[in-house]
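Before any comments, here is the structure.
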Amino acid sequence: MPAEIAIHFFLQLTVILAACKLAGLAAQRVGQPQVVGEMIAGVVLGPSLLGRMAPDLQSHLFPTGTPNLVLYTAAQLGLVLYMFIIGLNFDVDHVRQRAGTAAAVSITGTVAPLFVGALAAIPLLGAGGFFGDGVNLGMAMMFLGASIAITAFPMLARIIFEKKLTGTSLGTLALACGATADAISWCILAAVLAIHRNSPMLAVIAIGGGLLYTLVLLTIGRRGLSPLGRMTEENQGVSPSMLSTVLILLMACAWFTDIIGIYAIFGAFLLGVAMPSGFFAANLTDKLEPLTTKLLLPLFFVYSGLNTQIGLVNTPALWAVTLGLIVVAVVGKGVACAVAARLSKVPMRESVALGALMNARGLIELILLNIGLEAGIITPTLFTILVIVAVVTTLMTSPIFEAVYGRHQRVAESV
């Protein structure tokens with residue numbers, strides 16, 4: 001049995017990597033980041049397209065049960081490694097320089113979508129069919145608000161990397177705002193899960209443990225990790241022994257934040273932030289990034305696609321709900337962040353570009369939605385609608401960014 005599972009997993013990997021490669025190339029041809037193509041490939045390989053065109057093939061490739069559990073586990077490893085890499089390249093100095101702007105945009109980009117998302121939950125709960133049994137109005141408002149407020153932090157980071165904004169003022173400001181908004185959204189999700197499970201202690205542990213973890217890691221932890229930078233420079237690179245030590249720390253941090261309820265990806269990101277910057281971070285990124293982004297990360301997109309059934313949105317009323325939530329998401333997040341940045345005296349082009357970047361929801365929203373679906377907070381219908389919202393808002397990011405900022409920035413650099 002284990003041998004059969006391994007054989008099937010290699011087949012799944014072959015299909016997933018080939019599909020993501022082709023979709024990524026197609027996305028780049030139309031001006032979208034490769035990661036957007038990978039996200040769409042996940043939906044294509046699920047029941048929404050492959051399952052409709054070739055149901056027997058789709059069920060053979062991705063059967064329910066143990067094989068998908070292996071796929072899920074490998075996908076989680078990819079997320080952890082990727083968020084660690086993003087943390088390694090997170091420039092804290094840029095955040096300090098623009099702390100006021102980051103705070104204003106983060107607060108606005110969290111409060112506004114939480115508010116409009118919560119309002120949108122009222123008629124959806126009343127209509128029925130969108131939330132699970134036992135979900136009351138408060139839980140529905142909190143969950144949908146968090147779903148609208150979320151920013152696809154890893155996807156945002158990937159777009160920033162592909163647009164060559166890593167380490168720039170705009171790129172780091174966007175990452176700072178995205179991290180803050182997502183942290184608040186995850187705290188809200190922890191509270192919703194605690195209420196749903198009738199266990200308030202879960203929320204206390206998640207929020208309190210998360211704050212303690214952040215405080216200890218970014219103070220004592222950062223000082224304890226600083227010798228790694230000096231040792232790397234002396235050895236002219238990250239040694240195999242040092243790489244092993246870092247990976248042990250990474251898995252331990254991922255386990256701890258997962259067990260307290262704020263999820264492994266944030267433990268990984270904060271460990272990356274606490275690591276020495278400069279030569280150490282660059283060398284470690286070179287070692288980890290290719291395998292992570294080319295092999296492991298695409299697995300999560302496909303795993304999420306297996307839960308997405310676009311055929312469930314099959315009436316004009318449901319498509320109207322979908323369109324309405326897209327409008328709510330864009331206004332509540334993208335427009336609100338752009339306005340907050342402009343009021344903080346950020347130039348107009350940069351403000352709109354920041355709003356476009358913050359409006360991308362893809363990866364992190366998929367994580368949050370999967371958790372909500374598995375917990376029974378939302379139904380497969382609302383799950384699918386919100387996946388469509390995530391895809392559309394993420395597809396909007398690159399064209400808007402290029403129109404208002406990207407092409408003008410390239411012209412300025414060429415002069």
Side-chain angles (χ1 to χ4, degrees), residues 2-30 32-86 152 154-155 157-159 161-162 264-265 268 288-311 361-371 373-374 383-384 387-388 390-391 394-395:
E4 292 177 2
I5 293 173
I7 291 170
H8 193 83
F9 180 62
F10 288 129
L11 174 62
Q12 288 179 324
L13 280 177
T14 303
V15 174
I16 290 168
L17 296 180
C20 287
K21 176 69 173 178
L22 293 173
L25 291 174
Q28 289 178 318
R29 290 291 296 272
V30 296
Q32 290 285 352
Q34 181 176 334
V35 66
V36 174
E38 294 172 356
M39 182 179 174
I40 294 173
V43 176
V44 168
L45 289 176
S48 296
L49 186 60
L50 184 59
R52 284 179 170 270
M53 297 176 62
D56 292 340
L57 175 60
Q58 202 275 337
S59 61
H60 173 71
L61 284 173
F62 304 106
T64 57
T66 302
N68 275 355
L69 181 60
V70 176
L71 180 63
Y72 171 81
T73 304
Q76 294 302 305
L77 177 60
L79 284 176
V80 165
L81 285 168
Y82 187 67
M83 290 305 296
F84 175 66
I85 293 168
I86 297 307
M155 186 167 288
R158 184 89 175 266
I159 292 171
F161 175 79
E162 292 185 12
I265 56 174
L288 296 176
E289 196 267 340
L291 191 67
T292 301
T293 57
K294 302 302 181 186
L295 176 63
L296 295 173
L297 194 58
L299 304 184
F300 181 78
F301 294 115
V302 173
Y303 182 81
S304 294
L306 299 180
N307 290 323
T308 304
Q309 304 175 56
I310 293 178
R361 286 176 177 79
L363 186 57
I364 292 293
E365 177 147 351
L366 293 183
I367 299 172
L368 184 145
L369 295 179
N370 275 283
I371 293 170
L373 182 64
E374 291 170 8
F383 175 87
T384 298
V387 167
I388 295 172
V391 171
T394 306
L395 282 170

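Sequential numbering from 1 along the given sequence is applied to the chain's residues. Values reported hereafter were calculated over all heavy atoms of this structure, with side chains retained and with hydrogens, waters and symmetry mates removed.
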Is there a side-chain contact between Thr292 and Phe84, using heavy atoms and a 4.5 Å cut-off? no
Can you confirm whether Glu38 sits close enough to Thr293 that some side-chain heavy atom of one is under 4.5 Å from a side-chain heavy atom of the other? no
Return all side-chain donor-acceptor pairs below 3.5 angstrom for residues 13-25, not counting sequence neighbours, or 'none' if the list is empty.
from  : atom 1 : to    : atom 2 : distance (Å)
Thr14 : OG1    : Phe10 : O      : 2.9

If I take atom CG from residue Leu291 and atom CD from residue Glu289, how far apart are they, to the nearest 0.5 angstrom?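 Output value for this atom pair is 10.0 Å.
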Kindly say whether Ile310 contributes a backbone atom to a donor-acceptor pair with the side chain of Ser48 at under 3.5 angstrom? yes
Polar side-chain atom of Gln58 near backbone of Arg52 as donor-acceptor pair, under 3.5 Å: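 Not confirmed, Gln58 side chain does not pair with Arg52 backbone.
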Side chain to side chain contact (heavy atoms under 4.5 Å, CB included) between Leu299 and Leu77, worked out: CA-CA 10 Å; Leu299 304 184; Leu77 177 60; over 6 Å; no
Tell me the closest heavy-atom pair linking [X] and [Y], and the distance in Å.
| X | Y | result |
| --- | --- | --- |
| Gln12 | Leu71 | OE1-CB, 4.2 Å |
| Phe9 | Ala74 | CZ-CB, 3.9 Å |
| Val80 | Ala264 | CG2-CB, 3.7 Å |
| His8 | His60 | CE1-O, 2.7 Å |

Pairing residues for Leu49 by the side-chain contact (heavy atoms from CB on, under 4.5 Å) criterion, not counting sequence neighbours: Val44, Met53
Leu50 vs Leu61, side chain to side chain contact (heavy atoms under 4.5 Å, CB included): CA-CA, chis, key distance, verdict: CA-CA 10 Å; Leu50 184 59; Leu61 284 173; 4.2 Å; yes
